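Below is one structure, written out as structure tokens, with a few remarks after it.
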Amino acid sequence: MNKKYIIAAAFLILGAVNQSCSNDFIDVSPTEAIPESALGEIYNNDAGANSLVTAIYAKFLDWNMSTFAWIGVTSIVSDDADKGSSASDSGSDKDILDALTFTPSTPSFKELFASNYQGINRCNQALKYLPQLDKADPQLRERLAGEAKFLRAFMYFTLVRSFGGVPLVDHVPVTGVEADKQMTLTRKSKEEIYAFIEKDLKDAAAVLPSRTGGQRATKGAAHALLAKVYLYQKKWQLAVDETNLVTGYSLTPNFQEIYKVSGENNAESIFEINGSGGTAGRAIQQYSQVQGARGTTGWGWGFATPTQGLYDAYSATDSRRDATIIHRDMTLYDGYYVGPNTENKFYNYKAYSSNYRDQASTDVNIRYLRYAEVLLIRAEAMNELGQTSAAIPFLNQVRNRANIGNTTASSQADVRLDIWKQRRLELAFEHDRWFDLVRTGQAQAAMAADGGKKFIVGKHEVFPLPQDFIMEAGGLSAQNPGY
């Protein structure tokens, strides 16, 4: 075997591309053992150590991780977006998601489940092999291990919000070891998953660097995500404490600037997934194309179209409305004109690429953690602690950037409602709305207002585990109630 082939094979084994050769549904096993010579001769250096973790970030570019299924289970399922596209195009199952009639066999849940475990596998592989690279810089290896733990926590947060309890795969399983097989097929409680996430993020925060303007996880990202994790568990004081550790960031004065190429990884950005665009680039596969305007003067498939309810939730003076929602007969920031005859009335502006509008590989980034959300987390947690007067200024920072002035709310209940509303308007299409509706208890009313959709309390708070996984588990894991 020549050296070039060894490098390519090792890179494949260590998770740079999808691993789909496993017989198990959760893709957590390498396709083959890594030869010791390959590890020592090729990966035992700084570049090799970096490549192990770069492979984790690369997973977020994949179609099954960040595109069609993810858009469906976070945006289309919520009151922020309709299926869109043409009436005759179901988008595989996007009409089912939109109507809340999904089942364990709905394909998007299999994609959501499998893709995150593929990413977790890459994290576990990196954490396994990094300590063995004794010729790589020790401080670099420590930082990279922190990044791997941050990314693993990020993916487990997605899984626990989506499904509740899930298998806790904390190391690379060994084929033929019964305990490892059971690990991959046995659900842990959501409390156990949250505890694991918290530990990973604390470990990451201890070793990651402060904000450097780069494109990798930092100390600020770990503290921001941990604050969000605490928010979802109603651990209010801990959430406040973590937001106080997120320093060195500021709001971008012009909201729309955040979503341009010039606004990538700017002073407000805490963590985002980067797409470089073009045929030679590393793009988030078809993320922009799937959500692009459809029909005359359009360029995309037209899925996940903003609802009338979302549009109407913005006031006419709110600068976020026309930076979030493309509408017919609109000239975009780069001068491109969206005519009056597109197939759908509204489209997602945050997914728009000016440079690669009509291409599958675009330069759109997904903004996952921004300083505005940190302010809203702090405001919400403080308000829940009874510190309403002290919470309001943080809420007002977000409102004033949006050009809607200070809140008129003063009671704890009214401030709570305004914070929830500002989360919706600020973070629309940043993949949080459905989870916010569930955690705040607004889902049933919101779905009823969104065309009379039926959110079943006691069922729809979590998605169904994929039927393929339940069958493979063979009794080790039970389906979520109601499915």
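On a predicted model such as this, the values are computed, not experimentally measured, just so you know.
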Please step through side-chain contact (heavy atoms from CB on, under 4.5 Å) for the pair Tyr287 and Ile71, ending with a clear verdict.
CA-CA 9 Å; Tyr287 183 83; Ile71 291 164; 4.1 Å; yes

Among Tyr349, Trp299, Tyr352, ring pair (Phe, Tyr, Trp, His ring centres under 6.0 Å) partner for Tyr336:
Trp299

Member of Trp70, Phe469, Phe102, Tyr483 meeting the ring pair (Phe, Tyr, Trp, His ring centres under 6.0 Å) criterion with Phe109:
Phe102

Can you see which heavy atom on Arg401 is nearest to which on Ala372, and at what distance?
NH2-CB, 3.7 Å

Identify the two heavy atoms, one from Arg141 and one from Pro131, that lie closest to each other, and give their separation to 0.1 Å.
NH1-O, 3.3 Å

So among Thr67, Thr305, Asn348, which one has a side chain to side chain donor-acceptor pair (under 3.5 Å) with Gln291?
Asn348

Less than 3.5 Å apart, any donor N or O on the side chain of Asn124 or Asp170 sitting next to an acceptor on the other?
no

Minimum-distance pair of heavy atoms, taken over all atoms of Asp46 and Ala136:
OD1-CA, 3.3 Å

Is there a side-chain contact between Glu111 and Phe68, using heavy atoms and a 4.5 Å cut-off?
no

Quick check for you: to the nearest 0.5 Å, what is the distance between Ser51 atom OG and Ile56 atom CD1?
10.5 Å

Do Asp203 and Lys199 meet the salt-bridge criterion of a basic N to acidic O distance under 4.0 Å?
yes

dist Ile470:CD1 -> Leu476:CG (nearest 0.5 Å) comes out at 10.0 Å

Where do Phe157 and Tyr368 land on the ring pair (Phe, Tyr, Trp, His ring centres under 6.0 Å) test, with the steps shown first?
CA-CA 12 Å; Phe157 188 46; Tyr368 274 125; over 10 Å; no

Under the side-chain contact (heavy atoms from CB on, under 4.5 Å) rule, what do Lys94 and Asp98 come out as? Steps first, then yes or no, please.
CA-CA 6 Å; Lys94 305 308 173 289; Asp98 198 8; over 6 Å; no

Between CG on residue Leu151 and CG on residue Leu127, distance to nearest 0.5 Å
10.0 Å

Qualifying residue for salt bridge (Lys or Arg N to Asp or Glu O under 4.0 Å) with Glu430, from Arg367, Arg423, Lys350:
Lys350

State, with a plain yes or no, whether a side-chain heavy atom of Val364 is found less than 4.5 Å away from one of Ile284.
no

Nearest heavy-atom contact between Ser354 and Tyr333 is CB-OH, 3.7 Å

Under 3.5 Å: donor-acceptor pair, side chain of Ser276, backbone of Arg282
yes

Hey, is the main chain of Trp63 close enough, under 3.5 Å, to the side chain of Gln285 for a donor-acceptor pair?
yes

Are any of the side-chain heavy atoms of Asn121 and Gln125 separated by less than 4.5 Å?
yes

Any side-chain heavy-atom pair of Ser85 and Arg294 under 4.5 Å
yes

Straight-line distance of Asn64 CG to Ser108 OG, nearest 0.5 Å:
11.0 Å

Kindly indicate, with the supporting measurements, whether the criterion side-chain contact (heavy atoms from CB on, under 4.5 Å) is fulfilled by Arg143 and Gln139.
CA-CA 6 Å; Arg143 191 203 82 201; Gln139 289 186 321; over 6 Å; no

Nearest heavy-atom neighbours spanning Ala217 and Phe150
CB-CD2, 3.5 Å

Passes side-chain contact (heavy atoms from CB on, under 4.5 Å), Gln286 versus Trp301? Steps please.
CA-CA 10 Å; Gln286 296 185 286; Trp301 299 5; 3.4 Å; yes

Any side-chain donor near an acceptor of the partner, Tyr43 and Gln132, under 3.5 Å:
no

If we count only N and O atoms by modelled type, under 3.5 Å, do the side chains of Gln118 and Asp62 hold a donor and an acceptor together?
no

Is Asp436 salt-bridged to Arg433, cutoff N-O under 4.0 Å?
no

So which of Asp334, Asp363, Thr362 actually passes side chain to side chain donor-acceptor pair (under 3.5 Å) with Ser353?
Asp363

Side-chain heavy atoms of Thr243 within contact of Phe394, under 4.5 Å
no

Is a side-chain N or O of Arg320 found less than 3.5 angstrom from the main chain of Ala402, in a donor-acceptor match?
no

Ion pair Glu380/Arg439, N-O distance below 4.0 Å:
yes

With a 3.5 Å distance limit and no angle check, can you tell me whether Asn266 reaches the backbone of Ser269 through a side-chain donor-acceptor pair?
yes

Are any of the side-chain heavy atoms of Val438 and Phe435 separated by less than 4.5 Å?
no

How long is the gap from CD1 on Ile273 to CE on Met65, to the nearest 0.5 Å?
8.0 Å

Is the closest side-chain heavy-atom distance between Tyr347 and Phe303 below 4.5 Å?
no

Test item: Lys219 side-chain N/O and Ala205 main-chain N/O as donor-acceptor pair under 3.5 Å:
yes

Can a salt bridge be assigned to the pair Arg161 and Asp432 using a cut-off of 4.0 Å between side-chain N and carboxylate O?
yes

Does any non-hydrogen side-chain atom of Ser115 lie less than 4.5 Å from one of Lys59?
yes

Kindly say whether Val174 contributes a backbone atom to a donor-acceptor pair with the side chain of Asp180 at under 3.5 angstrom?
yes

Ignoring hydrogens and geometry, is there a side-chain-to-backbone donor-acceptor pair from Asn383 to Ala379 under 3.5 Å?
no

Considering non-hydrogen atoms only, spot the tightest contact between Thr106 and Ile96 and give its length.
OG1-CG2, 4.2 Å

Look up atom OH in Tyr371 and atom OG1 in Thr247, then write down how far apart they are to the nearest 0.5 Å.
8.5 Å

Please identify each residue that fulfils side-chain hydrogen bond (donor to acceptor under 3.5 Å, both in side chains) with Ser262, with sequence neighbours left out.
Glu257

Parallel, tilted or perpendicular: which fits the ring planes of Phe463 and Phe163, with parallel below 30° and perpendicular above 60°?
perpendicular

Heavy-atom neighbours of Lys190 NZ exceed 12 at 6.0 Å:
no

